[in-house]
Peer 1: 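Shown below is the structure under consideration.
Since this is a predicted model, take the numbers as computed values, not measurements.
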Amino acid sequence: MSKVDLPSEYDAHAAATKWSAAWDQAGVFVADPEKDGPAFSIVIPPPNVTGSLHMGHAFEHAIIDSLTRYKRMDGYNVLWLPGTDHAGIATQWVVRRQLDAQGIDFRDLGREAFVEKVWEWKAESGGRIKEQMSRMGVSCDWTRDKFTLDEDLQVAVTEHFVRLYEEGLIYRGERLINWDPMDQTALSDLEVENEDHVGELYSFAYPIAEEGLAGPDGSVVTEVIVATTRPETMLGDTAVAVHPEDPRFKHLIGKHVKHPFVDRLIPIIGDAILVDPEFGSGCVKITPAHDFNDFEVGKRHSLPMINIMNRDGTLNKECGQFTGLDRLDARPKVKEALAALGLERGSEPNPMKLPRSQRSKAIVEPMLSTQWFVSMKPLAGPALAAVELGATRFVPKTWENTYYSWLRDIRDWCISRQLWWGHRIPAWYDESGNVFVARTFAEACDQAGHDQLTQDDDVLDTWFSSALWPFSTMGWPERTVDLDRYYPTSVLVTGFDIIFFWVARMMFAGLHFTGQVPFHDVYIHALIRDANGDKMSKTKGNVVDPLDSIEKHGADAFRFTLLAYAAQGRDVLWNEERVEGYGKFVHKLWNALRFCFMTMSDEDSSYDPAAPKEYGAYERWIQSRTGAAAARVRQAMDDYRFNEAAAEIYAFTWSEFCDWYIELAKTTLYDSNATAAQKNGTRHTLFETLSAIVRLLHPMMPYYTEEIWDKLPQTQGFVTTAAYPRPDAYAVDEAALQSMAEFQQAVGEVRRIRGEMQIARRIPLKVLVGDAGLAERLQSHAEGWAHLVNATVEPLEDRPKAVATAMVGEVELAIPLEGVIDIEAELDRLSKELVKVEKDVRDLEKRLGNKGFVAKAPPHVVAGFNEKLEVATARRDALRASQSRLGG
RNA sequence: GGUCGAUUAACUCAGUGGGAGAGUGCCACCUUCACACGGUGGAAGUCACUGGUUCGAAUCCAGUAUCGACCACCA
């Protein structure tokens with residue numbers, strides 16, 4: 001078993017290449033539904049095939065991968081299903097821009113040729129995404145890789161549409177929708193972003209049509225003044241509304257104003273819902289076809305709805321002299337024309353929100369249009385109930401509010417898009433416009449009784465297919481083995497930004513079609529920002545490419561950093577220095593391994609796990625601590641507290657295993673009096689502890705741990721498939737724990753004296769212990785004292801004149817100073833120490849002197865403080881005594 | 001306008017009722033045979049502010065300030 005040749009540094013890139021290939025070849029990540037074990041399944045939030053992955057993806061994948069690796073090791077039957085999303089509008093944009101750069105207008109290409117181009121792009125982008133994920137070391141099942149436009153997923157989408165249609169939950173109708181004039185498509189409410197903007201609130205007058213109309217004060221009313229942020233919309237006005245109780249205007253209700261540009265009389269109506277008499281002039285122009293509030297007014301009052309815009313945002317033939325102008329160019333023209341007629345009534349700056357398309361950034365126009373909609377109210381109910389009743393749980397819980405608030409106030413979902421890239425709507429029309437919704441063209445023909453049908457040109461909102469992702473990827477609508485075995489999924493790991501877009505929609509689609517929630521837990525992770533707290537974005541140029549960081553520090557340190565950052569409920573400010581820090585951790589553990597190797601393969605006494613073993617106190621101590629660490633790491637992982645899990649492993653490895661156990665193991669290994677069984681017990685414990693560390697760490701550092709596992713003696717197979725450490729596999733030895741705690745404390749005190757008084761290590765110290773029992777217990781660590789602090793321990797019998805004083809609990813440790821250090825230094829140290837201790841005593845006395853505290857606090861708390869006071873008092877007295885003995 | 005979150009050491013961040021923590025950085029000492037990407041020790045905080053509840057508050061409640069996110073929105 002000579003695996004001795006360990007390089008002095010871990011080669012992250014070589015390990016990544018080697019183990020990726022090895023895992024792949026062994027097929028260890030391919031889910032097998034036939035195998036035993038409770039199911040644990042996660043579907044990836046499918047990245048868009050718009051480009052490459054960013055830090056947010058890397059973060060998400062690190063979390064998912066650590067969860068799946070943890071569960072896989074722990075005996076679960078794990079499926080991590082990867083895939084990508086066609087991202088209709090976003091991807092169409094990417095390819096459209098590329099064509100623009102080549103001077104090609106995508107519309108000239110024609111639908112078929114354009115879609116062909118997008119597929120080419122998809123192959124490129126999808127490949128890059130897969131490559132990036134592989135570099136991260138993800139353990140997903142590539143044999144189940146899915147794309148939302150795969151044939152089987154198209155079948156699922158069609159089924160989704162047809163069934164909802166048959167159930168009356170999808171309808172086609174003319175409604176006011178958000179229109180993107182640049183992409184020339186409808187958008188859902190969610191795809192519109194409201195941007196802060198200081199606009200102009202512009203006022204103008206509509207002349208009253210009826211002549212000689214008297215106002216409340218008897219004077220003649222000739223006009224009403226209205227205000228708008230979009231003056232051009234006045235071309236579509238079909239009413240002016242006032243509050244029905246407003247004494248200034250209520251007599252005008254039923255009268256008319258005359259439109260200055262088009263030949264139209266416009267009624268003045270009373271509407272108490274819309275009009276706030278306190279705001280502005282108290283009169284509101286009503287444009288039912290281009291404003292959501294006005295649309296409602298129009299419905300209430302059966303107003304005509306005049307669409308004034310073409311698909312590209314230019315004004316149509318309803319607009320008289322302004323016909324053909326873009327609506328934004330028309331705005332100043334309309335104002336000019338109003339001014340020319342003397343109807344302008346001033347303007348003021350107006351802070352407002354400008355609705356923009358999430359994708360094209362074009363200013364979105366509310367427009368009357370015939371589109372397909374999902375009727376949301378009936379679907380939202382069960383989705384709400386599932387979370388309210390706890391069938392699905394959000395972590396952190398606070399995101400449930402976000403989810404609720406959206407679903408409780410849900411509006412119908414516009415799902416048709418006037419795009420080319422996406423799932424074609426399974427609806428056909430005959431010459432007279434009758435609609436046939438069917439799974440196939442043939443089915444539609446059957447319904448129609450002939451085949452003179454043309455399919456709807458539109459495609460579906462990307463999220464309409466994403467909504468099915470947890471079950472469409474497993475074969476729905478077929479009833480597959482995968483669905484039986486792995487659905488519902490265990491947990492969804494995603495960002496808060498798509499709770500509405502995706503999480504909520506998967507919830508109602510899943511509940512509606514499978515009768516089950518699509519996932520039991522939803523872990524919402526934080527957003528990764530740059531070191532200044534700014535959102536990473538290409539335009540700001542502050543994007544960190546995950547691959548750069550992996551290149552620099554290795555995938556292991558990179559992943560560990562992401563997880564160490566993953567505290568709940570807080571954004572992550574990415575700091576590359578932290579990756580460097582965890583790179584040191586990699587280095588440290590690697591060197592611990594090198595040490596263990598040396599000891600396990602001495603020429604004359606190589607490690608033999610079968611040989612007799614004898615465990616000393618240190619072995620029993622580190623075993624106890626290993627079990628405790630495993631319990632803490634597991635708990636943290638189970639609670640999705642990845643940062644705590646990472647911190648536990650880090651601290652256990654460094655502060656317990658390296659700092660204490662390895663150092664103390666040397667005392668046995670280098671002790672010529674130690675028996676072979678003792679040495680073998682020590683070697684075995686070194687190995688066992690390393691083995692536990694490596695397995696605990698594996699979900700976070702897959703390559704690194706696989707590399708170590710491979711080199712460890714007596715390990716078989718991959719660490720990937722080894723058992724995750726169980727606390728009950730490690731015996732707890734209370735006596736060893738206590739003895740070690742005492743020893744560690746005493747060593748710490750002596751080290752402090754060395755450090756503070758600058759006593760060189762080469763000068764041996766004698767430690768006189770003021771309590772016989774403790775002296776004896778500490779003496780049992782004689783080799784440790786020698787190795788760790790170059791000291792010997794004896795009971796304090798004849799007190800030397802000059803000693804430095806330290807305390808372990810209430811027991812004094814006296815270190816003779818003669819020939820070691822000058823007395824002034826110790827007096828100095830003592831007085832500083834005394835200041836602290838005296839304050840300590842005062843504080844404790846004050847607390848315990850509080851009658852309320854003693855009476856009302858739980859007895860164990862009071863007892864605890866009493867003990868602390870005793871210790872502090874003893875410490876103070878000992879230090880004072882020492883001080884006076886030294887003549888201070 | 002509504003909802004939610006944040007404010008803790010120089011920096012990055014943990015910490016949900018019982019004497020303030022980690023990593024990095026800083027200072028001092030140590031080139032001891034796994035590791036100087038290391039070891040040992042040390043300095044460093046009015047837990048944003050004000051009030052309240054409590055024997056006891058970084059932690060719970062109310063309010064204030066600052067920053068941020070999301071949702072909605074009056075022409």
Side-chain angles (χ1 to χ4, degrees), chain A residues 6 8-9 189-190 194 201-203 226-230 233 241 274-276 278-287 291-294 297 350 352-353 396 398-399 401-402 404-406 409 496-497 499-500 527 529 531 533 535 564-565 567-575 577-578 580-599 641 643-644 647 650-651 654-655 658-659 662-663 666 670 747-748 751-762 787-790 840 843-844 847 850-858 860-862 864-865 868 872:
Chain A
L6 201 57
S8 63
E9 297 231 16
D189 299 339
L190 289 178
N194 293 309
L201 187 61
Y202 177 85
S203 299
V226 293
T228 176
T229 56
R230 293 178 295 157
T233 59
L274 178 79
V275 182
D276 171 6
E278 306 294 314
F279 188 90
S281 68
C283 303
V284 188
K285 62 187 277 303
I286 303 295
T287 324
D291 182 281
F292 287 98
N293 286 310
D294 294 2
V297 176
N350 184 43
M352 55 185 281
K353 301 283 185 178
T398 171
W399 291 110
N401 290 327
T402 307
Y404 290 145
S405 67
W406 189 65
D409 193 24
F496 62 82
D497 49 330
I499 290 177
F500 304 146
L527 194 73
R529 300 170 172 278
K535 226 171 176 167
Y565 259 127
Q568 289 180 7
R570 193 164 172 161
D571 286 349
V572 171
L573 272 56
W574 183 254
N575 189 342
E577 281 174 26
R578 207 160 153 182
E580 281 171 38
Y582 291 120
K584 292 182 182 179
F585 176 59
V586 166
H587 184 76
K588 178 80 178 177
L589 180 56
W590 188 257
N591 278 290
L593 177 71
R594 288 178 64 211
F595 167 76
C596 294
F597 256 65
M598 285 172 42
T599 69
R641 297 179 179 276
N643 60 317
E644 283 180 19
Y650 185 99
W654 203 310
S655 309
C658 291
D659 287 352
I662 285 188
E663 290 310 318
K666 289 173 184 173
Y670 299 158
V747 165
R751 277 174 169 169
R752 197 149 66 95
I753 286 174
R754 257 198 202 284
E756 287 179 2
M757 299 180 71
Q758 304 213 358
I759 307 170
R761 207 198 114 85
R762 66 187 145 72
H787 178 67
L788 296 176
V789 276
N790 189 19
D840 213 18
D843 289 352
L844 287 163
R847 178 181 290 257
N850 182 337
K851 285 189 193 109
F853 173 70
V854 178
K856 293 192 182 175
H860 73 273
V861 173
V862 178
F865 277 100
K868 282 172 184 166

Peer 1: Got a sec, which residues hit side chain to side chain donor-acceptor pair (under 3.5 Å) with A/R529, two or more places apart in sequence or on another chain?
Peer 2: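 Counting only residues at least two positions away or on another chain, A/R529 forms a side chain to side chain donor-acceptor pair (under 3.5 Å) with A/D571.
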Peer 1: As a test of reading the structure: which of B/A28, B/C74, B/C37 is closest to the side chain of A/Q758, going by heavy atoms?
Peer 2: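 It is B/A28.
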Peer 1: At under 4.0 Å between heavy atoms, what does A/G583 touch on the DNA or RNA strands: base, sugar-phosphate, or nothing?
Peer 2: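 Base, at least one base atom sits under 4.0 Å.
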Peer 1: What nucleic acid atoms does A/S405 come within less than 4.0 Å of, heavy atoms only: base, sugar-phosphate, or nothing?
Peer 2: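 No contact.
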Peer 1: If you only use heavy atoms from C-beta on, which nucleotide in B/C73, B/C71, B/C37 is closest to the side chain of A/N194?
Peer 2: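 For A/N194, the side-chain atoms sit closest to B/C73.
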Peer 1: Rounded to whole Å, how long is the line connecting atom CD1 of A/I499 with atom P of B/A69?
Peer 2: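 Checked: the CD1 to P distance equals 16 Å.
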Peer 1: For B/G1 and B/U59, measure between their C1' atoms and round to the nearest Å.
Peer 2: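 Their C1' atoms lie roughly 31 Å apart.
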Peer 1: In whole angstroms, how far is the C1' atom of B/G39 from the CG atom of A/N790?
Peer 2: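 Distance check: A/N790 CG to B/G39 C1' gives 15 Å.
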Peer 1: Between P on B/U12 and CZ on A/R529, what's the gap in Å once rounded to a whole number?
Peer 2: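 Result: 14 Å.
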Peer 1: Is the positively charged end of A/K588 above the ring of A/F585, judged by distance under 6.0 angstrom from the centroid and angle within 45° of the axis?
Peer 2: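 A/K588 over A/F585 ring: no.
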Peer 1: With the criterion being N/O to N/O and under 3.5 Å, what pairs connect the protein with nucleotides 54-57 of chain B, and how long is each?
Peer 2:
from  : atom 1 : to     : atom 2 : distance (Å)
B/C55 : OP1    : A/K856 : NZ     : 2.2
B/C55 : O4'    : A/G852 : O      : 3.4
B/C55 : O2'    : A/N850 : ND2    : 2.7

Peer 1: Between the protein and nucleotides 51-53 of chain B, are there any N/O to N/O pairs under 3.5 Å, and if so, what are the atom names and distances?
Peer 2:
none

Peer 1: Nearest to the side chain of A/K584, heavy atoms from C-beta on, is which of B/C37, B/G41, B/C74?
Peer 2: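 Out of B/C37, B/G41, B/C74, the nucleotide with an atom closest to A/K584's side chain is B/C37.
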Peer 1: I need the minimum non-hydrogen distance between A/L788 and A/E663, along with the two atoms involved.
Peer 2: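 Heavy atoms only, the tightest pair is CD2-CB, 3.7 Å.
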Peer 1: For A/T398, report the nucleic acid contact type (base, sugar-phosphate, nothing); a contact means any heavy atom under 4.0 Å.
Peer 2: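 A/T398: backbone/sugar contact only, no base atoms under 4.0 Å.
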Peer 1: Select base, sugar-phosphate, or nothing to describe what A/F500 touches, counting heavy atoms under 4.0 Å on all strands.
Peer 2: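 Sugar-phosphate contact only.
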Peer 1: If you assign A/F865 and A/N643 each to the RNA chain B nucleotide with the nearest heavy atom, which residue ends up on the more 5' nucleotide?
Peer 2: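 Here A/N643 is the residue nearer the 5' end.
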Peer 1: Can you check whether A/L589 reaches A/W654 side chain to side chain, under 4.5 Å on heavy atoms?
Peer 2: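 They are not in contact (no side-chain heavy atoms under 4.5 Å apart), so the answer is no.
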Peer 1: Quick one: A/E577 CD to B/A10 P, roughly how many Å, whole number?
Peer 2: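 Rounding to the nearest Å, CD of A/E577 and P of B/A10 are 17 Å apart.
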Peer 1: Mind pulling the stems RNA chain B is in, i.e. runs of at least three Watson-Crick or G-U pairs, everything under 3.5 Å?
Peer 2: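 When the pairs of RNA chain B are grouped into runs of at least three, the stems are B:1-7 with B:65-71, B:10-13 with B:21-24, B:26-30 with B:38-42, B:48-52 with B:60-64.
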Peer 1: A/V284 side chain: which of B/C71, B/A75, B/G5 is closest?
Peer 2: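 Of the candidates, B/A75 comes closest.
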Peer 1: Taking everything shown except A/E577 itself, do over 12 heavy atoms lie less than 6.0 Å from its CD?
Peer 2: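 Open.
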Peer 1: Atom CG of A/D843 to atom C1' of B/A20: distance rounded to whole Å?
Peer 2: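 Whole-Å distance recorded here is 13 Å.
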Peer 1: Expressed as a whole number of Å, how far does the C1' atom of B/U50 sit from that of B/A58?
Peer 2: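 Rounded to whole Å, the distance is 16 Å.
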Peer 1: Expressed in angstrom and rounded to an integer, what is the separation of A/L788 atom CG from B/U40 atom P?
Peer 2: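 Those two atoms, CG and P, are 9 Å apart.
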Peer 1: Under the side chain to side chain donor-acceptor pair (under 3.5 Å) test, which residues partner A/T233, sequence neighbours left out?
Peer 2: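 If we apply the side chain to side chain donor-acceptor pair (under 3.5 Å) test to A/T233, skipping adjacent residues, the hits are A/K285.
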Peer 1: Let's see if you can work this out: which of B/C74, B/G23, B/A69 has an atom nearest to the side-chain heavy atoms of A/Y650?
Peer 2: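 Of B/C74, B/G23, B/A69, B/G23 is nearest to the side chain of A/Y650.
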Peer 1: Using a heavy-atom cut-off of under 4.0 Å over every strand shown, decide if A/F585 touches base, sugar-phosphate, or nothing.
Peer 2: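 If one applies the 4.0 Å heavy-atom cut-off, A/F585 turns out to touch nothing in the nucleic acid.
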Peer 1: Using only modelled atom types and a 3.5 angstrom limit, is any donor from either the side chain of A/E580 or the base of B/C37 paired with an acceptor on the other?
Peer 2: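 Answer no: no donor N or O sits under 3.5 Å from an acceptor.
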Peer 1: Determine the Euclidean distance between corresponding C1' atoms of B/G25 and B/U12; express it in Å to zero decimal places.
Peer 2: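 Pairwise C1' distance, B/U12 against B/G25, rounds to 11 Å.
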Peer 1: Under the side chain to side chain contact (heavy atoms under 4.5 Å, CB included) rule, what do A/L274 and A/I286 come out as? Steps first, then yes or no, please.
Peer 2: CA-CA 10 Å; A/L274 178 79; A/I286 303 295; 3.5 Å; yes
Peer 1: Students often get this wrong, so: under 4.0 angstrom with heavy atoms, is A/I753 touching a base, only sugar-phosphate, or nothing?
Peer 2: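 Nothing, no heavy atom under 4.0 Å.
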Peer 1: Donor-acceptor pair, distance only, cut-off 3.5 Å: does the side chain of A/R641 make one with the backbone of A/Q568?
Peer 2: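 Judged by distance alone, no pair lies under 3.5 Å.
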Peer 1: If we only count heavy atoms from C-beta on, is the A/L190 to A/W406 side-chain gap below 4.5 Å?
Peer 2: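 A/L190 vs A/W406: side chains touch.
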Peer 1: Distance check needed: B/A14 C1' versus A/Y565 OH, whole Å only.
Peer 2: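 Nearest whole value for this atom pair: 13 Å.
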Peer 1: Is A/L274 touching bases, backbone alone, or none of the nucleic acid, heavy atoms closer than 4.0 Å?
Peer 2: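 Base: the residue A/L274, judged by heavy atoms under 4.0 Å, touches a nucleobase.
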Peer 1: When rounded to the nearest Å, what value does the distance between P atoms of B/U16 and B/G52 take?
Peer 2: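 Here B/U16 and B/G52 have their P atoms 26 Å from each other.
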Peer 1: B/G21 and B/A28: how far apart are their C1' atoms, nearest whole angstrom?
Peer 2: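 Pairwise C1' distance, B/G21 against B/A28, rounds to 23 Å.
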Peer 1: For A/R847 and A/N850, what are the C-alpha separation, side-chain angles and deciding distance, and is it a side-chain hydrogen bond (donor to acceptor under 3.5 Å, both in side chains)?
Peer 2: CA-CA 5 Å; A/R847 178 181 290 257; A/N850 182 337; over 6 Å; no
Peer 1: When the P atoms of B/U53 and B/A69 are considered, how many whole Å apart are they?
Peer 2: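 Roughly 37 Å separates the two P atoms.
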Peer 1: Taking B/C49 as the reference, what is the distance to B/A6 when you measure between their C1' atoms (whole Å, please)?
Peer 2: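 Roughly 15 Å separates the two C1' atoms.
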Peer 1: Measuring only the P atom in each nucleotide, how far is B/U8 from B/C35? A whole number of Å is fine.
Peer 2: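 So the two P atoms sit 40 Å from each other.
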Peer 1: Could you state the atom-to-atom distance from CG of A/D497 to C1' of B/C4 in whole Å?
Peer 2: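 Atom-to-atom, A/D497 to B/C4, this comes out as 16 Å.
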Peer 1: Taking side chain as C-beta onward, heavy atoms only, is A/L527 less than 4.5 Å from A/F496?
Peer 2: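 SC-SC contact between A/L527 and A/F496 confirmed.
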Peer 1: Side chains of A/N643 and A/Y565: does their closest heavy-atom pair fall under 4.5 Å?
Peer 2: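 No, every pair of side-chain atoms sits at 4.5 Å or beyond.
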Peer 1: Within 45° of the ring axis of A/F595 and under 6.0 Å from its six-membered ring centre, is that where the NZ or CZ of A/K666 lies?
Peer 2: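 Relative to the ring axis of A/F595, which defines the angle, A/K666 lies inside both limits.
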Peer 1: Kindly indicate whether the side chain of A/V862, heavy atoms from C-beta on, has any atom under 4.5 Å from the side chain of A/F853.
Peer 2: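 Yes - at least one pair of side-chain heavy atoms lies under 4.5 Å apart.
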Peer 1: For nucleotides 31-35 of chain B, give me every protein contact, N/O to N/O, under 3.5 Å, one pair per line with atom names.
Peer 2:
from  : atom 1 : to     : atom 2 : distance (Å)
B/A34 : OP1    : A/K666 : NZ     : 3.3
B/A34 : OP2    : A/Y670 : OH     : 3.2
B/A34 : O2'    : A/N591 : OD1    : 2.9
B/A34 : N7     : A/K666 : NZ     : 3.3
B/A34 : N6     : A/C658 : O      : 3.3
B/A34 : N6     : A/E663 : OE2    : 3.1
B/A34 : N3     : A/N591 : O      : 3.2
B/A34 : N3     : A/A592 : N      : 3.2
B/C35 : O4'    : A/N591 : OD1    : 3.1
B/C35 : O2'    : A/H587 : NE2    : 3.0
B/C35 : O2     : A/K588 : NZ     : 3.1
B/C35 : N3     : A/K588 : NZ     : 3.0

Peer 1: Would you say A/T287 and A/R230 make side-chain contact, with heavy atoms under 4.5 Å?
Peer 2: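 No. Closest side-chain heavy atoms not under 4.5 Å.
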Peer 1: Which comes earlier along RNA chain B counting from the 5' end, the contact point of A/E644 or that of A/T229, where each point is its nearest nucleotide?
Peer 2: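 That would be A/E644.
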Peer 1: Please round to the nearest 0.5 Å and tell me the distance separating atom CG of A/L844 and atom NZ of A/K868.
Peer 2: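 One gets 7.5 Å once the value is rounded to the nearest 0.5 Å.
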Peer 1: Using atom types as modelled and distance alone, determine if a side-chain donor or acceptor of A/N591 lies under 3.5 Å from a backbone N or O of A/R594.
Peer 2: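 Not a single qualifying donor-acceptor pair exists.
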